[in-house]
Amino acid sequence: MTTQPNQIPGGPMREHVSLATVAARAGVSVSTVSRIVNGETRRASPATIARVLDAIEAVGYRPNPVGRALQRGQSQLVAMIAANLDNPAMATIASSTETALREAGYVMILCDMHDRPELQDEYLHAMRAQMVRGYVLVAAVSSPGLSALSASGAPAVFVTRRNPDGDGPFVGIDDCAAGATVADYFADLGRRAPAVVFPLLSSSASRDRVSGFLARLRERGWSDEAIIRAGGEGRSHLQIGYDAGARIFAGGDTPDAILCVSDQIAYGVNRRALERRLKIPEDCDLVSVDGTPLNQWVAPWLKSIEIPYTSFGAEIVASLQLIWRGEPFGDRLLPYKFD
């Protein structure tokens with residue numbers, strides 16, 4: 001006998017299997033099958049439960065998760081909206097979160113909004129239509145849709161960047177302390193012309209890293225005028241680093257140490273340094289914040305604050321579970337590494 005795709009021998013096609021199909025085979029009502037499928041077995045005898053379970057197995061019935069979500073007002077879907085999955089850090093966060101959600105019994109929908117506010121809002125609208133149970137927003141940007149989401153009280157966790165449109169649980173590192181750590185490193189090495197490169201279109205992470213760096217250098221004896229600053233336009237951190245590097249290395253006071261607020265900014269600065277025939281780190285120490293594993297392959301010259309992105313998933317899921325249970329939540333700051 002030839003069996004058609006998705007068909008059980010002697011049974012109907014799976015896409016046509018319904019509660020009614022199960023009920024007819026078991027000789028019970030549709031409501032009885034529905035209750036048993038949803039775990040409500042108190043009103044059914046052991047014999048009835050056994051017949052229904054046998055019928056489910058025989059016909060290949062699978063519960064419709066969308067239908068169950070509509071009945072319960074919730075689903076097992078969690079939406080992650082990331083700023084740019086070309087960034088290895090965000091790809092690592094997505095991978096660790098998918099694993100943690102799957103282990104907890106949830107399914108992740110992944111969206112890349114390419115740092116575009118209008119695309120972020122488009123995905124937020126689409127995910128509401130899917131009745132997702134929670135949102136994971138990686139490096140979110142300010143947008144009308146995000147403001148509406150925050151005002152609605154929907155379960156949402158903000159990752160690497162704090163909510164630009166209000167409060168909300170945050171998973172990341174102490175970015176201000178990371179900036180201060182780099183400042184201490186430069187000072188202890190005896191560097192005399194430190195600089196910092198950052199995006200002009202800044203986020204909470206970038207601002208905190210820069211402010212921590214500047215504040216610690218002031219504590220260590222630098223004047224504001226002695227600290228070189230270079231911001232870059234746009235959203236591409238590679239381009240920001242490249243453009244800012246042109247301004248830094250073209251001036252009379254070439255820095256001997258630079259903090260780049262991301263790995264990708266450091267890649268851009270290094271490219272410009274090579275064009276100026278400068279050697280990193282011999283002519284100028286370069287330190288970034290990210291520390292993605294890619295660095296050991298493409299940027300062995302780069303020293304970086306290493307953020308444990310592979311551990312973010314468990315912290316994100318723990319934050320969501322606190323929200324779902326209605327329990328207090330706060331920031332979850334993970335320890336970074338700097339050797």
Side-chain angles (χ1 to χ4, degrees), residues 87-93 160 172-199 205-217 219-222 226-232 237-249 253-312 333-339:
N87 184 327
M90 295 191 194
T92 302
I93 292 171
T160 72
I173 65 166
D174 185 336
D175 290 295
C176 191
T181 296
V182 178
D184 282 332
Y185 173 70
F186 289 161
D188 292 343
L189 285 177
R191 299 296 175 255
R192 301 191 176 279
V196 58
V197 179
F198 52 89
S206 295
R207 289 192 299 271
D208 287 350
R209 291 168 190 176
V210 172
S211 65
F213 180 73
L214 296 177
R216 184 57 55 84
L217 285 180
E219 292 174 5
R220 299 291 296 259
W222 271 269
I227 306 170
I228 302 167
R229 301 170 179 81
H237 280 207
L238 290 169
Q239 192 67 49
I240 286 168
Y242 186 70
D243 293 344
R247 293 191 293 276
I248 284 180
F249 297 132
D253 298 326
T254 301
D256 58 6
I258 304 173
L259 166 63
C260 301
V261 300
S262 75
D263 284 355
Q264 293 200 344
I265 286 179
Y267 301 162
V269 170
N270 180 66
R271 171 67 179 270
R272 185 67 77 173
L274 290 173
E275 293 175 359
R276 299 284 174 147
R277 300 184 183 280
L278 296 172
K279 295 181 180 179
I280 304 294
E282 291 83 358
D283 296 324
C284 179
D285 278 301
L286 210 57
V287 175
S288 65
V289 183
D290 272 332
T292 57
L294 185 64
N295 288 352
Q296 63 182 312
W297 298 100
V298 303
W301 42 265
L302 179 61
K303 189 173 181 65
S304 186
I305 294 277
E306 184 178 335
I307 302 175
Y309 290 123
T310 55
S311 301
F312 273 40
L333 300 180
L334 284 77
Y336 57 81
K337 182 179 178 182
F338 188 60
D339 296 328

TODO: Evaluate the side chain to side chain contact (heavy atoms under 4.5 Å, CB included) criterion for residues Trp222 and Leu214: first the C-alpha distance (whole Å), next the side-chain angles of each, then the deciding distance (0.1 Å), finally the verdict.
DONE: CA-CA 9 Å; Trp222 271 269; Leu214 296 177; over 6 Å; no
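Residue pairs meeting the salt bridge (charged side-chain N to carboxylate O under 4.0 Å, His left out) criterion with at least one member in residues 256-273, sequence neighbours excluded, are Arg271-Glu275, Arg272-Glu275. Contacts classified as salt bridge (charged side-chain N to carboxylate O under 4.0 Å, His left out) and involving residues 179-195 (residues at least two apart or in different chains) are given here: Asp184-Arg216, Asp184-Arg220, Asp188-Arg220, Arg191-Asp285.
By the side-chain contact (heavy atoms from CB on, under 4.5 Å) test, Ser311 is found to be paired with Pro308, Leu334, residues two or more places apart in sequence or in another chain being considered. Considering only residues two or more places apart in sequence or on other chains, Ala215 meets the side-chain contact (heavy atoms from CB on, under 4.5 Å) condition with Arg218. Checked against salt bridge (charged side-chain N to carboxylate O under 4.0 Å, His left out), Asp175 has the following partners two or more places apart in sequence or in another chain: Arg209. Every residue two or more places apart in sequence or in another chain that forms a side-chain contact (heavy atoms from CB on, under 4.5 Å) with Ile280 is listed here: Asn270, Ala273, Cys284, Leu286, Trp301. Under the side-chain contact (heavy atoms from CB on, under 4.5 Å) criterion, Ala195 pairs with Ile228, Ile248, Pro255, Ile258, sequence neighbours left out. Remark: Arg276 engages no residue in a salt bridge (charged side-chain N to carboxylate O under 4.0 Å, His left out) (not counting sequence neighbours). Contacts of Tyr267 classified as side-chain hydrogen bond (donor to acceptor under 3.5 Å, both in side chains), with partners at least two apart in sequence or in another chain: Asn295. In this structure Phe312 satisfies the ring-ring contact (aromatic ring centres under 6.0 Å, His included) test together with Tyr309, sequence neighbours excluded.
A distance of 7.5 Å separates CZ of Phe198 from CZ of Arg229, quoted to the nearest 0.5 Å. A distance of 12.0 Å separates NZ in Lys337 from CD1 in Ile305, rounded to the nearest 0.5 Å. Taken from CG in Leu278 to OG1 in Thr254, the straight-line distance is 6.5 Å, to the nearest 0.5 Å. With rounding to the nearest 0.5 angstrom, the CE atom of Met90 is 8.5 Å from the CG atom of Asp290. Taking CG of Leu302 as the start and OG1 of Thr292 as the end, the distance is 8.5 Å to the nearest 0.5 Å. With rounding to the nearest 0.5 Å, the separation of CG in Leu259 from CZ in Phe186 is 6.0 Å.
Among all heavy-atom pairs drawn from Pro293 and Trp297, the shortest one is O-CD1, 3.7 Å. Between Ala183 and Phe213, the shortest heavy-atom contact is CB-O, 3.6 Å.
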